[in-house]
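Working notes, beginning with the structure itself.
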2 protein chains.
Amino acid sequence: MEERKYLPHIAYDSVIFGFSGNQLKILIMKYHNTGLFALPGGFVKIDEDLNTAVRRGLKERTGLDNIYLEQFYTFGDVSRYQAGAMKTILEANGHHVPENYWMLDRFISVAYYALINYEKVVPKPDALSDSCDWYSLDKLPPLMQDHNQIVEKALQTLRDNLERKLVSVNLLPSLFTMNELQKVYEAILGEKLRRTTFQRKILSLNILDRHDKQYSGKAHKAPYLYSFKEK
Amino acid sequence: MEERKYLPHIAYDSVIFGFSGNQLKILIMKYHNTGLFALPGGFVKIDEDLNTAVRRGLKERTGLDNIYLEQFYTFGDVSRYQAGAMKTILEANGHHVPENYWMLDRFISVAYYALINYEKVVPKPDALSDSCDWYSLDKLPPLMQDHNQIVEKALQTLRDNLERKLVSVNLLPSLFTMNELQKVYEAILGEKLRRTTFQRKILSLNILDRHDKQYSGKAHKAPYLYSFKEK
DNA sequence: TTATTATTGTCACAAATTGAGACAATAACT
DNA sequence: AGTTATTGTCTCAATTTGTGACAATAATAA
C-alpha cells in the first residue's frame, strides 16, 4: 500500500536556483492538464533521512549529485492545506482518489534551496507533470498553495547568506570572469554594484586563482579568467 | 483516542534563552524517575498552526505570551528515532504503553529558539517531568537524543542573528546600563568586547533612549540607564 | 574637608575599509 | 593609425573601527 511507504503529513519543497542571461532562475513544475504550477517537492520514506529524501528528489529532477543545499524554513500553517488542488492534480492524471487518501491530508513542508550550474542541467518532469522548466524570478507564474511565499523567503535567505557562505561558487562554471561573478552578486542582491569596489573586495578575500585571459572577439581589452581556489 | 489529537511523526523542540549572572542560560526538563534531560518540546494538534503549537508550549512552560521566537532548523535524521528512551519515560510515569503507540514512532522535529526576560519567568515542569530549570550553557547535562546538537545550532544561529535582529531587547529588563547590554553581547558571542568601541557603535545605531543615572552605592561614577526606543 | 578608588562618558588620533573617480592598457574593428 | 568598449590598477576622500587617554563622577577612607 503506497501510504505505508512515506511519512504522512510531511513533505519538502525545493527552490532550485540557477544563473543564466544575467538573471537568477528557478525550476518550476507544471502539472498535467491543470494549469497548476508548483515547486519541485516530494515526500520522505519511512526509513529515510529528511536530507536524503531531498537529495533524492533533486537528483531525479536535475540528474545531479552533490548539489549545494540549504534548509531554510519549515512551513506549518493549517491554511496550507488545500485538498482540492491536490485532488485535481491526481484526477487529471487519471488516478482514482480514495476518500481520506494520504496525499490529501494536511502537510507540513520543510523548504530547501539549492544552487546549481545552469549549464549542467536538463530538467526532468515527474510522472504528474508535463514540464519542469527555468523561470526568471521576476516572471514567475502564480504558484500553488504558499509556494510564492516560499520562493520569497528562499531569496531572502540567499541574500543574507551571500557573503557568509560564498554562495556563488555553485552558480558559475569553473572558469569565469570578474564581470560574470559581479553579475551573480547583482542578481542575488537585486542591485547594481560598483565595479572597482567589487573587484578590490573579492580579490582581497584571496579565494580566487587567476588564469589566462579570455578573448571574446570583441573590440576591447580581454578580461582574466578566474576559478575558486580548491578548499 | 489520543493519537487522533496530534499530527503523527511531527514534534517541535525549543531552546529557551535567558540571561542572568552575566551568562546565557536555557531551560531544561528532567523526566520523572529516569535521570533523562531534554529540551522543552511538544506536538502539533491536528488543526493547529505549527507556530501556534510552539507558542502554546512556551506559554505552558514559562507563563509568558508574546515571546520572541525564531525557527532555526528542522531535524529529520532517522537516527533521532529511539523508541526505547521514550518508552522508559512513559513507563516511569506509570503509563501503559501499547504496541505501536504513536509517541514511539519516528519523529521529525522543528527546532525554535526563544529569548525571554529571566526575571519574569517561573519555569513549570509538565506532567512527565519533575523539573524545568535554568542551566548555564557551559554546564549542560547530557541531553536526550540529538538535543545537545540542537542547542549548539541554536546558539550558532543566535550569534549569526545578533546584529541583524537586535536580539538583546528580549533578554534585558526595560531599563539597563550600557555595561549590562555589553555583557549580553559578550555572553552570546562568547568573547570580550572593547568598551569604548561597543558604546560608540551602539549609540550610533540610534536605538536607545537615555534616562536617569543609576546609583548603585558603589564608589564610582554612576552609569546612565537606557531603554530600547519604541519602534 | 580632602584624598582615594573604581567606573563611566567622551574625545583624539591612528589604522583600516569603502566610495568614487581617473587613467592607462588593451582587443578588435574602421 | 585612429576608434571603441572594457579592463586592471591607482589615487584621494570619506567613513568606520581600533586603541588609548583623560576628565568627571559616587562612594569611601583619611
With a 4.0 Å limit, can you tell me whether [X] has a side-chain N or O closer than that to the phosphate oxygens OP1/OP2 of [N]?
| X | N | value |
| --- | --- | --- |
| B/Q199 | C/dT8 | no |
| B/K221 | C/dG9 | no |
| B/K213 | D/dA26 | yes |
| A/R194 | C/dG19 | no |
| A/K201 | C/dT18 | yes |

> On DNA chain C, nearest-nucleotide positions of A/S204 versus A/G217: which is more 5'?
Replying inline: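 Nearer the 5' end of the strand: A/S204.
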> If you pin B/P223 and B/A219 to their nearest nucleotides in DNA chain C, which one's is more 5'?
Replying inline: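 Looking at the nearest nucleotide for each, B/A219 comes out on the 5' side.
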> Got a salt bridge between A/R164 and B/D160, using NZ or NE/NH1/NH2 to carboxylate O under 4.0 Å?
Replying inline: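 Answer for the salt bridge query: yes.
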> Salt bridge check: are A/R80 and A/D13 linked by an N-O gap of less than 4.0 Å?
Replying inline: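 Looking at A/D13 together with A/R80, the answer is yes, because their closest N to O distance falls below 4.0 Å.
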Protein-nucleotide distance ([X], atom [atom1]; [N], atom [atom2]), rounded to Å:
| X | N | atom1 | atom2 | result |
| --- | --- | --- | --- | --- |
| B/L203 | C/dG9 | CG | C1' | 9 Å |
| A/L193 | C/dT18 | CG | C1' | 13 Å |
| A/Y224 | C/dT26 | OH | P | 9 Å |
| A/L205 | C/dT17 | CG | C1' | 13 Å |
| B/K192 | D/dT19 | NZ | P | 16 Å |
| B/E180 | C/dT8 | CD | C1' | 14 Å |
| A/H220 | D/dG8 | NE2 | P | 11 Å |
| B/I202 | C/dT8 | CD1 | C1' | 16 Å |

Out of [options], which nucleotide sits closest to the side chain of [X]?
| X | options | value |
| --- | --- | --- |
| A/T197 | D/dG8, C/dT18, C/dA27 | C/dT18 |
| A/T196 | C/dG9, C/dG19, C/dA22 | C/dA22 |
| A/R200 | C/dG19, D/dG18, C/dT8 | C/dG19 |

>> Looking at B/R195 and D/dG20, is any side-chain donor or acceptor paired with a base atom of the opposite kind under 3.5 Å?
In response: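 No such pair is found, so the answer is no.
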> Can a donor-acceptor pair under 3.5 Å be found between the side-chain atoms of A/R210 and the base atoms of D/dG8?
Replying inline: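 Per atom types, no contact qualifies.
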> Going from CG on A/D130 to NE2 on A/H32, what distance comes out if it is rounded to the nearest 0.5 angstrom?
Replying inline: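 Reported value, rounded in 0.5 Å steps: 5.5 Å.
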>> Run A/K25 and A/D138 through salt bridge (charged side-chain N to carboxylate O under 4.0 Å, His left out) and show every step you take.
In response: CA-CA 9 Å; A/K25 309 198 168 176; A/D138 50 5; over 6 Å; no
> Within 45 degrees of the axis of the six-membered ring of B/Y224 and under 6.0 Å from its centre: does B/R210 put its NZ or CZ there?
Replying inline: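 Judged by the rule, B/R210 and B/Y224 form a cation-pi pair.
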